[in-house]
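What follows is a single structure, written as structure tokens, with notes after it.
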Number of protein chains: 2
Amino acid sequence: MKLFDEQSFLHQLSIDCVIFGYKDAELKVLISRIKMKRSFWALPGGFIKHEESIDQAAKRILEERTGLKDIYLEQYRVFGEPNRINHEVFEGLTSLRDEWAEQIMLDEASLQWLAKRFVSIGYYALVDINKMHPRKSELDDSVDWYNVKQLPALIMDHNEMVTQALETLRLNLDRKLIAFNLLPDTFTMKEVQELYEAIYDKPFARNNFQKKILDLNVLERLEKKFTGAANKAPYLYRFQQ
Amino acid sequence: MKLFDEQSFLHQLSIDCVIFGYKDAELKVLISRIKMKRSFWALPGGFIKHEESIDQAAKRILEERTGLKDIYLEQYRVFGEPNRINHEVFEGLTSLRDEWAEQIMLDEASLQWLAKRFVSIGYYALVDINKMHPRKSELDDSVDWYNVKQLPALIMDHNEMVTQALETLRLNLDRKLIAFNLLPDTFTMKEVQELYEAIYDKPFARNNFQKKILDLNVLERLEKKFTGAANKAPYLYRFQQ
DNA sequence: ACAAAAGTGTTGACTATACACCCATGG
DNA sequence: CCATGGGTGTATAGTCAACACTTTTGT
């Protein structure tokens, strides 16, 4: 099995995905730790097959890492500085070459292919964190969720990619009604509010927030959710539109 | 002189520019007519050199066509369907090969390079139409301004690229205060209003429009402009921020 | 009965829009 | 002095944020 089949993919063009999830009142991003002597952290990414569209490629990459089909994703920006060359990982790969070469996972041509400058198309995705189980790719040591406010130092410009993805998410959140992709099928209004507060990193007034969200006319009110707490039970809602 | 030096540019990646201008109360787009037996219309575009960033490449392409440095431009979307192959123009080129081959403008390798699928990064630009003189590239028969509402049928997905550029322009216009890039150095409030009406394709109320624009606090009021018409002379404004 | 948290109503400030009026200009 | 078009003020409606109050729940 070959990792980078330089025949199958467009050259010098990649896709990197900022996969957002939400848990414990924190907005999280899925980050790979790359399998090397020294650890590198990076956004999940991949390449574009000759016969597939860039959107299909992004979907395939997301499915490989999340196991989910039909997740919300959107391209938001291209990163194309000429120095976007992955020196760190490339040198790590080179040092592993002998070991891996035996498994025919990395030949000279693949290394040459990887060593070049890459223009990367940034996608961001919104997933229900409970529905998915992160899957490691062959290169990954681990794949984990990190609080978007406490990310490790990522390779190349990947930290900047996250920052710009978050900016785009904030701009699009209300306009495109996409916040609910981060929540389970049913949720309370308080959960929606805490999600918004995590995304915008600022508090919202409870009553006004409820009004604003209900005025969107995209939520169906279901039965109440009795938690056993000594207070009024909140309604559950379901997104529909 | 060689047109497509397949050694100099990234493979299968292009840049196409939607260059907006404004004249005679119409929003216009710069369109090339390609030099062939049958005419093809296309957005000005180009390729990315190995050592330059995508933004630099877009600037270079714009300068080649407009003669202007420092014009406002912004990437807005990537177009990456797998069928983005320029069959029409490619076949036109093939038929011209013998003629051009004598001038060493088009060799077999360049043709192979051009015949492939291209992923294209869409940029839009805003220029003061009076400051620039459209320049033809070697492939162009002519370069002309077309009303954005009356474009000819362009090659591939270029009509869709214009539509999406216009949508992005509308979303960003107030947020990024970029409308004034389309106007000369000094202008009247009526000219600003007519520009907005051309961009959004809808009328604005005169008095409220003036209030809204002045409240942006980015215009400096200059002397009055006496046109000789039998009415109150409007003020001239200059953008400053 | 009480504390805690959810739901809803009311107020005042701000903004957007429609209407009205006045003013400068050249014939 | 009049027609034309530019500048500005005001009233109304609509939106947004702060505060207050009521309701439900389990102890």
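Each chain gets a letter, A, B and so on, in the order the sequences are listed, and its residues count up from 1. Only heavy atoms go into these numbers, but all of them, side chains included; no hydrogens, no water, no symmetry mates.
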Q: State, without any angle test, whether B/Y123 and B/E74 hold a side-chain donor-acceptor pair at a distance under 3.5 Å.
A: no
Q: Specify the separation, in whole Å, of atom CE of B/M189 and atom P of D/dG5.
A: 19 Å
Q: Can you figure out which of C/dA18, D/dG7, C/dG7 approaches the side chain of B/N208 most closely?
A: C/dA18
Q) Could you go step by step and tell me if A/K149 and A/D201 meet the salt bridge (charged side-chain N to carboxylate O under 4.0 Å, His left out) rule? A) CA-CA 9 Å; A/K149 293 169 75 174; A/D201 195 25; 2.9 Å; yes
Q: Kindly say if B/Q210 contacts the phosphate of D/dG6, meaning a side-chain N or O under 4.0 Å from OP1 or OP2.
A: no
Q: Write down the distance between CZ (B/R221) and C1' (D/dG6), rounded to a whole number of angstrom.
A: 10 Å
**Q.** Rounded distance in Å - CG (B/D174) to P (C/dT15)
**A.** 15 Å
Please enumerate all protein N or O atoms sitting under 3.5 Å from an N or O of nucleotides 11-14 of chain D, with distances to 0.1 Å.
none

Q.
I'd like to compare against my own output: the B/S/- annotation of nucleotides 21-27 of chain D with a strict under-4.0 Å heavy-atom distance to protein.
A. --BBBB-
Q) Between atom CD1 of B/I34 and atom CG of B/D141, what is the distance when rounded to the nearest 0.5 Å? A) 10.0 Å
**Q.** Straight-line distance of A/F79 CZ to A/D157 CG, nearest 0.5 Å
**A.** 6.5 Å
Q.
Tell me whether the rings of B/Y196 and B/F209 are parallel (<30°), tilted (30 to 60°) or perpendicular (>60°).
A. perpendicular
Q: Figure out the CG/C1' separation between A/L236 and C/dG7, and round it to whole Å.
A: 15 Å
Q: Could you please spell out the steps behind the salt bridge (charged side-chain N to carboxylate O under 4.0 Å, His left out) verdict for A/R135 and A/E64?
A: CA-CA 7 Å; A/R135 292 187 198 163; A/E64 284 165 8; over 6 Å; no
